[in-house]
Amino acid sequence: MKSLRWLAWLLPLVLLAACHDDDEPTPSSRAEVRPELGPWLILTSGGSAVSLAGRSGGSGGDIQLTVTTGRFQRDTGAAFPSPLSNALTAAELDGGVVTYAELVALQAPTVVGSQASFNFVGADFFLPAGVALDLFDAPAGTIDTVQIQSDGMIRLDGPSRTRRAGADSVSIIYSTATAGGGIVAVGADIDTSGAPGFRGGDVSLTANDNLWLRARVRTSGGAATSSLDGADGGLTGVNSLGDMFLAPGSLQAQGGAGTVNGGNGGNVTCLALASSGGNFDWGVDARGGNTETGTGGTSGDASLLLAGNIYWQQAVYLHGGTSNSGSGGDSGNASLSAAICRGILWVFADAGRSATGVAGSNNSCVITATTFNRMTAQLWSAGAAGSVAGDGGELRIQAGGTVRDSLFEARVAGGAGTTSSGNGGQLVLQAQGGSVLATNTVLRAYANGGNGPLAGNGGAIVVDGQGSNANINATDLVLHGDLNGGSGASGGNGGTMQVLAPGGSLGLLLEGALNAGASTGAGAALGGQVEVSIDSGEIDAELDLSAAGGAAVGGTGGTGGSLILDADAAVASGGSCSANGEFQAPGGSSDTQGGLGGYAFLGAGFQGALVPAGLRLLLRGGDSPAGNGGDGGTVQLFSIFDTFLSGGSIDVSGGAGSTAFGTGNGGNGGQVEFRNDDGSIQLAGAILGDGGTGRGSGGQGGQVSLITDNDNSGPAGDIFISGLIFLRGGNGVGSGNGGDGGAISANATAGATALDGDIDISANLSATGGSGMAGGNGGTIELDTEGNRARVAAMLLASAGFSLTGGGTGGFIGIGANDSPASVVLAAGTRLAADGTGSGVAGFITLDPLGAAPNPNLVIDTGVVLSTRDGDGTDQAATNQTLD
C-alpha cells in the first residue's frame, strides 16, 4: 500500500478549500479555529444571579424548529406576501399599540384554563410596521397564554411583547389553520422575556404553509432579585408545513449564571421530517450557567435531524457550567443527521470545570448519514479539571454507505485532577447497513489521559462494523491517535485503536502514540492496544505507532502494548494480511524491575498469505538503573498458507539490568513464533532476541521457532531464512556472568504420509552465550525436516560466551536430529560452531540425513568448518560431532 502519511496534514486544507460547490458558502476559517456564532436569532436564556449572594441562575427554555414537508432555507429578504384583509381595524391600530383589552373588544376569546384563543375566520392577521402588540394587560393567573389564529395569513411587521410587572410574561401562539395555505411571516421582534425574578413567556409559531422568521425571538427569564432566583426562559416552537425561511443567526438556550447554582441550558431541536436538503448554517448555544459555590448548570442537548443532501457550516456550543467550590455541570449531547452530509461541523462540548470539587461529565456527539462526502467534523470535548476530573467526550460517526474525502477529529483529552484524573474520550466510525466504503478519510483523536495522582487512561479510535455485521471496504483510511495515558503517582494505561469488521478489504494507515503514563509511585501502567480484525477479507496496513509500557519508580515498569492484525485464520473465508512500517511497544523502565516487552500477533487465513514485508517490531524489555531488566516480548505469526517477511526486523531483546549500579540481572530475550499450516515461510528480515546486559548476570537469549505444518497433517511448506537471527545471551557487566544463548528451531516436517518441506539457510544464526566473569552457555539450533533437503550456506553459532575467570559450555546444533532429511548440504563458507570457553567444555553438532555413515546424503563442501572445542582449545570432533 502506498504511503498515506501526507493525507493526515494535507486533507483538512483540501477539504476547506474544495468542499463547497459554486452555490455554497466558502468556509471562512480553518477547521482548527473556533468560529463565532454571530448574533442570536432565538434567545431563551435563564435569568442571571451573578451579582447576588445566595441566588441561583435560571434555566434556558427549549427551542424546537420543525419542517414537515419542506426544508430549512436562508431568508433572502424578499418582500412578504401581501395580506388580502386584516382582522385588526383602524381602532386597534390607532396609537401604535394593540393591547389584550383591545383584542377582547375586537373578538371575545375562547378561554380554556388560562389560555385565551382568538380565531379570526375569513381574515388575515396583519400587524403593520410602527404598531406593536403588547399583552402586558392580560390578567395574571387568569390569562397566561394568548393564541392568535387565522385561516388566512399572519404577518407581523410590528413587534410583539408580553412582559408583565410582578408576574410571568404572557405566552403567545401565532398559528394558521387553512387546509391549503396559511403562511406566517415574522418581520419584527417577538419579546416575551420576563421581568426581574419572573419567567419568560413561551412563543409558538405554526404555519400551515411556508414560514418566515426574519426578526428575532426572545423568551429569556428575568434576572434574579434580592428575594428571587433568576427565572427560567420560555419555550420556543417554530413549525411549518412548507419551507421555513430563517434569517442568519444562532439559536441560543443558555442557563443563567448564579452564586449558588447555575441554570441549565435548554434543548435545541431542528427537524426536517420529509424531503430537505440545502444549507444549514444556524449556530447553536445551549451551555449551562456558571456558578461560584454550587453546581454548574448542565448544558442542553442539540438535535439537528434533517433529511436530504445537507451542506453544513455550523458551530454548536454545549458547555457545562463551571463552579469554584461545587461540581461542574455536564456537557450536552449532540445528535446530527442527514442522508448526505457535506461541509463543516464544529461541536464544542466541554463539561464544566471545578476549582476544588467534582468536574462535570462529557457526553457524546453522534453524526449519522448514509453518505459523508467531503465532510469535516470536529468535536472539542476535553475532560474538565477538578478534584475528580472528567473524562473526554465521544465523537461517533454512523455511516450507512460511503465515507469519502472526509476528516473527523475529536479533541477529547481527559481532565487533570488533584485526586483522580479523567480518561481520554473516543472517536468511533460505526458502520451501519450491509457494507460501508471508506476512502481518502482521516480519523484523528487527541485523547490523552489526564495527569494527576491517579492518572487517566488514554482514549480510543474505533472503526466498528462487527456491531451491525456490516462489511467495511477501506482505501487510504487514516487513523491518527494521541492516546497516551496520563502521568502521576499511578500512571494511566495507553489507549486503544481498533478496526473490526466481519468482511471487506482494509487499506489503512495507523499512526500515533498509545504510550502508558509514567508512575512515580509503585503502580505501573500498560501500553495501549492496537487491533485490526476481519473475518473474511484482506488487511493492508502501514504502521507508525508506539505503545510503550509506563516508566515506574519503586515498582515494576509497565508492560508494553499489543498489536493484533488478524485476517482471521480460524475461518474458511479468512484472507491475506500485509503490513509495513513500525510498531514500538517496549517495556517501561524502572528503578527496581523493568517491564515486559509487548505482544504482536499477525494472522492470515485460507484466502491469502501473511506478508509482514518491511514491518519493524520493537518489543524490548524495559531497562533498570539498579534492578533487573524486563524480559522481551512475544511475537506470533500464523498463516494457513505462506508467510513472507521480506525485510524489516523483530526485536524482542531483554532489557538491561543495573545500568548505573547494583547487581540486577539482564532481562531474558522474548519469543518469536512463525506457525504456518501447509504454507512456506520466507524470512528475509532480521530477528533480534538477545538477553539484556546485567551487573548480576546477563539475560538468557530468546526463542525463535518456525513451523510449516502446525496441525501435523501435511503438507509442510518450505523454510527459507535469508535474514539474521540473533538470540545471544546478555553480557555480564563488572563481576556479572554472561547469560545463556537462546533456542532456534526450524521444523518443516509433516504428518506420516504427507510431503515435507525444504529448509534453506543463507544468513547467520547465532545462539551464543554472553560474555562475563563466567561465560554464558551456548544455546541450541535445530533444523528438522523429513524426506526433503536441508541446506546451509551461513554461520550457525551456538558457542559459549567469553569467560574472564570461569567457563561456559558449548551448545547444540542439530540438522535432522529429530527428523532425518533426505539430504543435508553444507555449502562452501559454512561454519557451525558449538565451542566451550574458559574452563567449559565443547557442545555438540549432529548432522543426520537419511542413511548410514558414510552417507552420500550428507554433502559437506570444501571450506566448511565444524567446530566443537573445549574452552582450552581441545578439539572434541571425534566425540561431539555426529556425521551420518
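This chain uses plain numbering: 1 for the first residue, then up along the sequence.
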Parallel, tilted or perpendicular, as decided by the 30° and 60° cut-offs, for the rings of Phe372 and Phe408:
perpendicular
Parallel, tilted or perpendicular: which fits the ring planes of Phe348 and His319, with parallel below 30° and perpendicular above 60°?
tilted
Asp405 with Arg374: basic N within carboxylate O range, under 4.0 Å:
no
Would you list the pairs meeting side-chain hydrogen bond (donor to acceptor under 3.5 Å, both in side chains) in which at least one residue belongs to residues 118-134, sequence neighbours left out?
Asp134-Arg161
Specify whether Phe120 and Phe118 have parallel, tilted or perpendicular ring planes, treating 30° as the upper limit for parallel and 60° as the lower limit for perpendicular.
parallel
Tell me whether Arg353 at atom CZ has more than 12 heavy atoms from other residues, nucleotides or ligands lying less than 6.0 Å away.
no
Angle between ring planes, Trp212 versus Phe245, binned at 30° and 60°: parallel, tilted or perpendicular?
parallel
Do the side chains of Arg214 and Asp189 get close enough for a salt bridge, i.e. N-O under 4.0 angstrom?
no
Quick one about Gln147 and Ser117 (side-chain donor to acceptor, distance below 3.5 Å, no hydrogens or angles considered), yes or no?
yes
Check step by step if side-chain contact (heavy atoms from CB on, under 4.5 Å) holds for Thr368 and Gln432.
CA-CA 10 Å; Thr368 303; Gln432 296 182 323; 4.3 Å; yes
Using side-chain contact (heavy atoms from CB on, under 4.5 Å), reason through Val184 and Thr206 one step at a time and then give a plain yes or no.
CA-CA 7 Å; Val184 173; Thr206 300; over 6 Å; no
Would you say the side chains of Gln64 and Thr66 form a donor-acceptor pair under 3.5 Å?
yes
Closest non-hydrogen atoms of Leu336 and Leu345, given as atom of the first, atom of the second and distance, are CD2-CD2, 3.8 Å
Under a 4.0 Å threshold between the charged nitrogen and the carboxylate oxygen, would Arg74 count as salt-bridged to Asp281?
yes
